[in-house]
2 protein chains.
Amino acid sequence: MNIVMANDVDNCISSMSNASVADEADEDVVNPWNVVSKSETGVDYEKLIKRFGSSKVDDELIARFEKVTGKPPHHLLRRGIFFSHRDMHTILTHYEQGKPFFLYTGRGPSSESMHIGHLISFIFTKWLQDVFDVPLVIQMTDDEKCLWKDLKLEEANRLAYENMKDIIACGFDVDKTFIFCDLDFIGQCPAFYQNMVRIQKCVTFNQVKGIFGFGDSDVIGKISFPSIQAAPSFSTSFPFIFNKAKVPCLIPCGIDQDPYFRMTRDVAPRIGLPKPALIHCSFFPALQGAQTKMSASDQTTSIFLTDTAKQIKNKINKYAFSGGRATIEEHRQLGGNCDVDISYQYLTFFLEDDAKLEQIKKDYSSGEMLTGELKKELITVLQSLVAEHQDRRTKVTDEVIKQFTTPRKLKYNF
Amino acid sequence: MNIVMANDVDNCISSMSNASVADEADEDVVNPWNVVSKSETGVDYEKLIKRFGSSKVDDELIARFEKVTGKPPHHLLRRGIFFSHRDMHTILTHYEQGKPFFLYTGRGPSSESMHIGHLISFIFTKWLQDVFDVPLVIQMTDDEKCLWKDLKLEEANRLAYENMKDIIACGFDVDKTFIFCDLDFIGQCPAFYQNMVRIQKCVTFNQVKGIFGFGDSDVIGKISFPSIQAAPSFSTSFPFIFNKAKVPCLIPCGIDQDPYFRMTRDVAPRIGLPKPALIHCSFFPALQGAQTKMSASDQTTSIFLTDTAKQIKNKINKYAFSGGRATIEEHRQLGGNCDVDISYQYLTFFLEDDAKLEQIKKDYSSGEMLTGELKKELITVLQSLVAEHQDRRTKVTDEVIKQFTTPRKLKYNF
């Protein structure tokens, strides 16, 4: 599972040459292995909602979040970064009636260090866990990364545990969160494997060909993998948490992961289990711009969670695509373009203060604020975010990892 | 996994309409889901050995069995019922050098009761275990049966445990034998799942299409299933038995299962593990004749392990295809044809006494023995075999099953 990082997109193209068959030629390419937009403002999300058949996160839904939870909606929700959903109203109604649900998200551990973009989904998931007080399962698809990339199992598994430290550092409640690596966990839970088989029995090669673009030369592990990402959508895959209860699931994830869960939602009623609900995140743009397709192995395209304050400063100053004008005079006169400015975009993800963000937008658009000043704001925010993250990560010991990954009952009130 | 029962052949044809693509039109059809011969003497095994590229079990190999083990070769070996092999000499050399190997066989639990034909492989496997004093793993592919047939997981799993009782009743040594159902065991053994992924990474859809005839409308569970039947070929799938040692494997099985292990042998060196050796059994003919394709749901086509003495007598008298002549006079004059006579064929499987079998052949071929007399010999042998089996089966309690199915260290001397 890959969440919201457009920078990861080209890792798998060579092994998935027909990955985009489901997409029409003039459309943005959005699937679990590839995200390409021709527009400098990035993917057209309104069109994507129509194409995927999901629903827009509109003002009514955001208001309902606030009413139901009694908490102000998260800025990632208010600012349209979590922009699309499936059955979110059903989950809220369910919750209003005092009935249980659980959260499921995940990560495909493809690299040693995660980017700041990878945090988005986890930050939002933590907020969901806090305001709804619900259990959460997090899947690390080390098996997927081994199948798609030139990685040995041992290496994919090692990366999974490295990435897990970053995820735990986001502050999840150990009493309510179970994290697992497929390569370790599937061999510890017969119910999980049994649900995999139930799902595998309902999905044909033709279907995964249509949904994911698999071809005849793909290995059989890839072809059956969608069942492994689907299985955690069902509470019966985790009997140690839910006994045999059929508890509905809400999945916060990148919109690129939606194909997996369209398939899962198609299968669910056929195996007598509830369809998972979804809330989709937009892509986190690369430093060089929202339309740019870049290599995750290129250190210059993003801010890593291991970067020093100095590296953060240098990368943003050097690479962050600017919506500013060619000269100061021109900028003062015409103003900057926030729609394409990556520093401004990043602030919408990470600067929580609405009033300050609004002021920055106003000042930059009017030309009062220069690109260097805007970048300085972002540098301050990210230096502090990353330093705090690094500090929390050092506290994630092997013992803490063991607590999170031990199959066990979780605390929740229903 | 289906072992040696030609009667099972048409169970899966509807779901595997193109299962025979690998076979040429004028050849016997032999694959895990289908066995059809146009000849009344059944499949042409010499041709099959050439087509599959395996080796014949010849006099030299049989003599070597005797020399290496110091025991007389089993009648199933002497009589050419285990007729084909791959790398059997390598296993014997290995054994002569005092190095370890292990046995692996299995069963696809497709019906409540097993036939006498299902016993063949297990009788021979028990003999191998006894003379070589080696550990044995037996896989019950309840997941396969759930994927191929209209069976719920719970039902396939229940059938697996019913069949397991018949297998245990063959007399396997509990200290040296581990039996497992996929649906229970895969979720108990991370190393097994990890080997599945390693195998799944080496095999493309094109390959399983060529080997097994899978098509685009097959479900993804079928497409990845070959990795599950391949995994027990590797000792590293069972760390509780072998620690991390790479112990070579010998697989006694029906020749119809060879495609799975051709694939496995192709994958083995690519994942740094030893190729499994094989010894192949011919098909056990249906009562109505060696070329006949019949329904396993038809009680009249075989002798079940649950049949009463009377049922056995009636079925053989009524249905066993006879090589005798149209009238007694003609029979006395021309003699019977042992090559097509099912009663005689069955005796070659189950009558251990070589001298007596030779005498029967002589008497029947010369016309001295009539079909009724031949059938009476078989009835006596099978009534006793089945009654003794039923007696042993009553002693297979839940506690005994638990002992066999508990992952544990096995006893063996290397």
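Below, read A as the first sequence line, B as the second, and so on, with proteins coming before strands; counting in each chain starts at 1. Note that the coordinates shown come from a computational prediction; the quantities given were computed from them, not determined experimentally.
Considering only heavy-atom pairs separated by less than 4.5 Å from chain B, the leading option among A:Gly221, A:Cys202, A:Pro226, A:Ser227 is A:Gly221.
Among all heavy-atom pairs drawn from A:Lys149 and B:Lys201, the shortest one is O-NZ, 3.2 Å.
Atom CD in A:Gln207 sits 10.5 Å away from atom OG in B:Ser217 (nearest 0.5 Å). Atom CG of B:Asn157 and atom CD of A:Gln194 lie 7.0 Å apart (nearest 0.5 Å). From B:Lys222, atom NZ reaches atom CZ of A:Phe205 across 14.5 Å, with rounding to the nearest 0.5 Å.
Among A:Val219, A:Ile220, A:Asp143, the one residue that satisfies the side chain to side chain contact (heavy atoms under 4.5 Å, CB included) test with B:Gln200 is A:Ile220.
For chain B, the nearby parts of A:Ile223 are the backbone and the side chain; heavy atoms of each come within less than 4.5 Å. For B:Val203, the parts lying near chain A are the backbone and the side chain together; criterion is any non-hydrogen pair under 4.5 Å. With a 4.5 angstrom heavy-atom cutoff, B:Ile271 does not touch chain A via any of its atoms.
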Apply side-chain contact (heavy atoms from CB on, under 4.5 Å) to B:Leu153 and A:Arg198, showing your working. CA-CA 8 Å; B:Leu153 271 74; A:Arg198 287 189 180 94; 3.6 Å; yes
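Of residues 181-193 of chain A, those residues with a non-hydrogen atom less than 4.5 Å from any non-hydrogen atom of chain B are, in numerical order, A:Asp182, A:Leu183, A:Asp184, A:Ile186, A:Gly187, A:Gln188, A:Cys189, A:Pro190, A:Tyr193.
Counting only heavy atoms from C-beta outward, the side chains of B:Val197 and A:Leu147 approach each other to under 4.5 Å.
The local environment of NZ in B:Lys409 is crowded, with over 12 non-hydrogen atoms from other residues, nucleotides or ligands closer than 6.0 Å.
In this structure a side-chain-to-backbone donor-acceptor pair under 3.5 Å is missing from A:Lys209 to B:Asp216.
For A:Asn163, the side chain to side chain donor-acceptor pair (under 3.5 Å) test picks out A:Arg107, with sequence neighbours left out.
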